[in-house]
Amino acid sequence: MKRNESNADRIVRLVLALAFAFGGYSTSGTLSTVLYVLAIVMAVTAATGFCLLYKLFGIDTCKMAKSCE
């Protein structure tokens, strides 16, 4: 998989993952589960630098920021 997220995008996703995880910890029930799933998705995409939705929509923030090399 070729990276399609810039470093700034990855940092934002990591911060969102932490916020979603905290939200999941702070709530209960279905909302907690949804927030944990979102946290996992954000963390994985931040770690890999690849977002499937970006790929499907033809978005590449690496090319825009030129920070993936």
Side-chain angles (χ1 to χ4, degrees):
M1 291 181 292
K2 184 180 175 231
R3 281 182 54 187
N4 61 2
E5 294 176 4
S6 68
N7 290 336
D9 193 1
R10 294 173 76 189
I11 290 169
V12 169
R13 287 171 183 267
L14 185 58
V15 170
L16 283 173
L18 293 172
F20 287 146
F22 180 74
Y25 179 76
S26 300
T27 61
S28 62
T30 304
L31 178 60
S32 177
T33 303
V34 169
L35 290 173
Y36 278 132
V37 168
L38 287 173
I40 291 168
V41 169
M42 289 292 136
V44 168
T45 58
T48 61
F50 178 79
C51 177
L52 182 60
L53 286 177
Y54 276 12
K55 177 82 170 170
L56 293 174
F57 290 112
I59 300 170
D60 190 343
T61 58
C62 270
K63 289 180 183 175
M64 291 180 212
K66 297 180 182 158
S67 63
C68 295
E69 307 309 322

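Just so you know, these numbers use all the heavy atoms, side chains as well, and skip hydrogens, waters and symmetry mates. Just so you know, these numbers come straight off a predicted model, no measurement behind them.
- Partners of R10 under the side chain to side chain contact (heavy atoms under 4.5 Å, CB included) rule, at least two apart in sequence or in another chain, are R3, E5, N7.
- A continuous path of hydrophobic side-chain contacts links L52 to F57 [ILVMFWY only; heavy atoms under 4.5 Å].
- F22 forms part of no hydrophobic cluster, judged by ILVMFWY side-chain heavy-atom separations under 4.5 Å.
- Residues forming a side chain to side chain contact (heavy atoms under 4.5 Å, CB included) with A43 (at least two apart in sequence, or on another chain): A17.
- Residues meeting the side-chain hydrogen bond (donor to acceptor under 3.5 Å, both in side chains) test with D9, sequence neighbours left out: R13, Y54, T61.
- Note on residues 33-46: no pairs pass salt bridge (charged side-chain N to carboxylate O under 4.0 Å, His left out), not counting sequence neighbours.
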For a quick test of your reading: what N or O donor-acceptor pairs under 3.5 Å do the side chains of residues 31-41 make, sequence neighbours left out?
from, atom 1, to, atom 2, distance (Å)
S32, OG, G24, O, 2.7
T33, OG1, G29, O, 3.4
Y36, OH, Y25, N, 3.3

